[in-house]
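All values below were derived from every heavy atom in this structure, side-chain atoms included, with hydrogens, water molecules and symmetry-related copies excluded. Every chain is numbered from 1 and lettered A, B, ... according to where its sequence line falls, protein lines coming before strand lines.
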There are 2 protein chains.
Amino acid sequence: MPARVTTLKELAAQLDLSITTVSRALAGHQQIALKTRERVTEAARQAGYVPNTAARTLVSGRSGFVGMVLPIRGPNLVDSFLGEFVTGLGEGLVSHGTDLILAAVAQGQSELSVLRHVVESGRADGVVVTRIAEVDERLAYLRQRNFPFVAHGRLLDIDFAYNWLDTDGAHAFGEAFDMLYDLGHRHFGLVTIAEPMTFRHLRQDGLAAAIARRGDPSVRLDVAMAPRFDRGARIQAINRLLHGAERPTAIVALFDELALSVMEEAARAGLTIPRDLSVIGFDNIAASAYAPPGLTTFDASIRQCAREIGEMLLTVIGDRSAAPLTRLIRPTLVSRASHGPAPTG
Amino acid sequence: MPARVTTLKELAAQLDLSITTVSRALAGHQQIALKTRERVTEAARQAGYVPNTAARTLVSGRSGFVGMVLPIRGPNLVDSFLGEFVTGLGEGLVSHGTDLILAAVAQGQSELSVLRHVVESGRADGVVVTRIAEVDERLAYLRQRNFPFVAHGRLLDIDFAYNWLDTDGAHAFGEAFDMLYDLGHRHFGLVTIAEPMTFRHLRQDGLAAAIARRGDPSVRLDVAMAPRFDRGARIQAINRLLHGAERPTAIVALFDELALSVMEEAARAGLTIPRDLSVIGFDNIAASAYAPPGLTTFDASIRQCAREIGEMLLTVIGDRSAAPLTRLIRPTLVSRASHGPAPTG
DNA sequence: TGTCGGATTGCAAACGTTTTAAATCTCAAA
DNA sequence: TTTGAGATTTAAAACGTTTGCAATCCGACA
């Protein structure tokens with residue numbers, strides 16, 4: 001069995017003081033004589049005393065934890081930025097000594113039920129919710145429960161105010177269109193996913209808005225929709241786009257994984273990028289830098305976003321009555337070699 | 001403030017039973033009449049009752065958490081498989097309803113002090129330790145503290161028994177050598193790192209052992225050592241290898257990031273892979289599939305390893321007196337296009 | 001009717017901390 | 001010497017759960 005944990009009671013006995021005094025001394029209360037405070041602090045340091053989290057949580061009602069439900073993934077797919085996200089979140093939380101709780105979802109269980117469990121058991125003082133769906137029962141629950149949370153992403157119909165941070169995909173896709181238009185492209189392809197996630201709409205709408213802004217009737221947009229996690233179907237959708245009656249000269253993909261697939265299929269079809277086809281992605285995952293000829297994309301700086309989300313959540317936990325915090329991050333263009341002038345003729 | 005949390009007391013009052021009975025009924029104790037058990041279970045379900053973690057932990061001495069210290073990284077580098085690792089760990093833990101605690105290390109703080117805090121505060125029932133160093137103070141502490149843990153990786157001088165899971169890098173590097181030797185290669189390069197991590201030695205020793213086994217005095221091995229996180233110095237070390245008096249025909253890298261750098265620098269030097277140079281990596285990170293011409297490497301199946309680590313840790317926590325668990329996973333060769341016959345002449 | 005035994009339920013302590021309210025101490029002023 | 005104000009310390013309750021032990025209930029048997 002593990003060596004005995006030092007407790008307040010033991011420390012108090014050793015110092016011939018009451019538990020109360022020791023507790024207060026360690027908390028730095030002014031009412032305790034300075035000499036006593038120092039004596040206690042030193043003894044605690046020597047004994048390697050660390051207050052018991054459970055006891056503290058029980059009495060204070062604060063756990064010092066922030067929760068997050070691990071995204072569910074198929075056997076061979078991992079959230080490509082989970083690592084970055086978690087790292088950033090840790091950075092954002094560490095200043096307050098807050099730790100992160102990751103709760104996995106068991107087979108056949110719902111993400112909501114896990115979230116509920118985290119909340120109701122008092123494990124966490126607040127939670128982070130990622131991958132927001134168009135209609136998101138998690139947000140509905142948290143709101144009704146009035147539990148502190150920050151969402152990474154937005155709802156579509158914002159019928160209530162809440163704390164969120166999002167990357168401005170609409171802006172990025174508008175920027176992508178403008179850049180490609182200026183390079184002479186008129187026939188565009190968009191590869192998107194079938195899942196009801198908000199970011200899909202925001203990005204597509206951003207693209208559509210930019211097209212509308214330009215007001216050029218010769219601009220054409222073909223949309224290919226692929227299930228997110230079915231690789232075969234994804235390839236099929238992409239090839240329909242590539243081998244249609246008329247091929248777009250520029251393809252914008254909802255995120256890098258799709259863009260990389262587009263580049264692979266284009267290569268397989270004998271197309272040279274960017275001479276025959278321009279491709280632009282979103283996220284800037286590691287592989288995008290390596291995939292020839294280097295994918296032009298937008299950096300979503302997940303780590304930085306997650307760090308801010310952590311900080312926001314700490315704020316929300318600290319002051320539950322504060323006005324909702326919202327933050328829209330503008331992703332930066334990472335210009336590599338997968339885009340160029342529209343092919344002539 | 002959040003809606004009131006349902007508590008045992010409230011549930012008991014509502015059912016006109018004692019707290020004890022309700023607690024026992026929910027725990028499924030046989031001594032409670034079946035009818036009562038059913039009545040209580042139903043009421044708890046209706047009320048959405050979830051037992052308070054802190055209270056339960058306090059009395060039982062078990063937190064239901066497993067801890068891990070977030071690896072420290074520079075501003076732009078993230079542990080490339082943290083996401084996979086965390087996902088796997090979650091999968092391994094979820095069956096027992098155990099959650100994962102991730103504790104970040106603040107600037108200027110030591111990883112050991114954070115680990116200590118996690119342990120001493122009773123936050124976790126066990127911990128996972130990754131990236132084992134040649135002499136690892138974390139393992140020394142955990143052992144002396146007799147606290148349940150599983151290490152991902154081994155110590156060099158195993159002077160005490162403990163629970164570990166490791167990928168058999170030695171075997172993989174031997175396999176790589178054999179394969180390359182059979183392809184005619186005689187002059188080898190190894191790109192390794194300067195940090196005192198065990199896996200460095202194990203892999204290098206595996207390579208050396210394979211060379212010795214072959215007993216061919218014409219085999220030559222040049223070793224380039226680069227600091228792990230200094231990209232500039234890394235490139236420099238690689239180029240020394242590429243532009244020495246005599247260039248190796250095959251380069252084995254300690255892990256994929258290094259191998260990808262080798263391929264980049266080789267391309268920059270006008271070399272064609274694998275015609276002029278064979279390159280083999282280790283880990284099979286996502287980018288390795290995309291980097292031209294596709295990196296031959298070994299799949300370390302981090303997710304699967306992490307899952308097993310989670311399961312091992314649960315076992316260790318359940319039975320502290322059990323014999324140490326050890327597990328050596330043999331990585332599988334992922335044969336892509338970066339290796340081939342040695343150039344003739 | 002009284003008693004016994006098994007089935008069922010409840011009381012109270014304990015886990016380690018924080019905090020309210022009260023007790024004690026110290027020392028200068030009266 | 002007494003008084004009292006301020007400084008310092010403490011006792012005890014509380015947080016929500018689990019659990020050892022004791023109490024109660026019920027029907028059967030004598």
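A cation-pi geometry, defined here as NZ or CZ lying under 6.0 Å from the six-membered ring centre and within 45° of its normal, does not hold between B:Arg303 and B:Phe85.
If you check the side chains of A:Ser60 and A:Arg62, you find no donor sitting under 3.5 Å from an acceptor. Side-chain contact, B:Thr20 with B:Ser23: no donor N or O sits under 3.5 Å from an acceptor N or O.
Look at A:Thr21 and you'll find a side-chain N or O under 4.0 angstrom from OP1 or OP2 of D:dT10. Residue A:Ser60 places no side-chain N or O under 4.0 Å from the OP1 or OP2 atom of C:dT17. Under 4.0 angstrom from either OP1 or OP2 of C:dT9 there lies no side-chain N or O belonging to B:Ser18. At C:dG16, none of the side-chain N or O atoms of A:Thr7 fall inside 4.0 Å of OP1 or OP2 (strictly under the cut-off). Side-chain N/O atoms of B:Thr36 include one lying less than 4.0 angstrom from OP1 or OP2 on C:dT9. OP1 or OP2 of D:dG16 has not a single side-chain nitrogen or oxygen of B:Tyr49 nearer than 4.0 Å. In this model, the phosphate group of D:dT17 is not approached by any side-chain N or O of B:Thr57 to a distance below 4.0 Å at OP1 or OP2.
Rounded to an integer number of Å, the gap from CZ of A:Arg56 to P of C:dT17 is 9 Å. The interatomic distance linking B:Ile19 (CD1) with D:dT19 (C1') rounds to 13 Å, in whole Å. Atom CZ of A:Arg62 and atom P of C:dT19 are 12 Å apart (whole Å). The CG-C1' distance, from A:Asn52 to D:dG16, rounds to 14 Å in whole Å. The nearest whole Å value for the distance from the CD atom in A:Gln31 to the P atom in C:dT19 is 11 Å. Atoms CG (B:Leu58) and P (D:dT18) sit 12 Å apart, rounded to a whole Å. For the pair B:Lys9 NZ and C:dG10 C1', the computed distance is 16 Å after rounding to whole Å. Nucleotide C:dT20 holds its P atom 10 Å from the NE2 atom of A:His29, rounded to whole Å.
Donor-acceptor pairing under 3.5 Å, judged by distance alone, is present between the side chain of A:Thr20 and the base of C:dT19. One donor-acceptor pair, N or O on each side, does fall under 3.5 Å between the base of C:dT20 and the side chain of A:Arg24.
With the nearest nucleotide of DNA chain C identified for both B:Gln30 and B:Val59, B:Gln30 has the one nearer the 5' end. Along DNA chain D, the nucleotide nearest to B:Pro51 and the one nearest to A:Ile32 differ in position, and the one closer to the 5' end is contacted by A:Ile32.
The backbone N or O of B:Phe65 sits nowhere less than 3.5 Å from a side-chain atom of B:Asp99 that would complete a donor-acceptor pair.
For B:Phe147 and B:Phe149, the gap between ring centers reaches or exceeds 6.0 Å.
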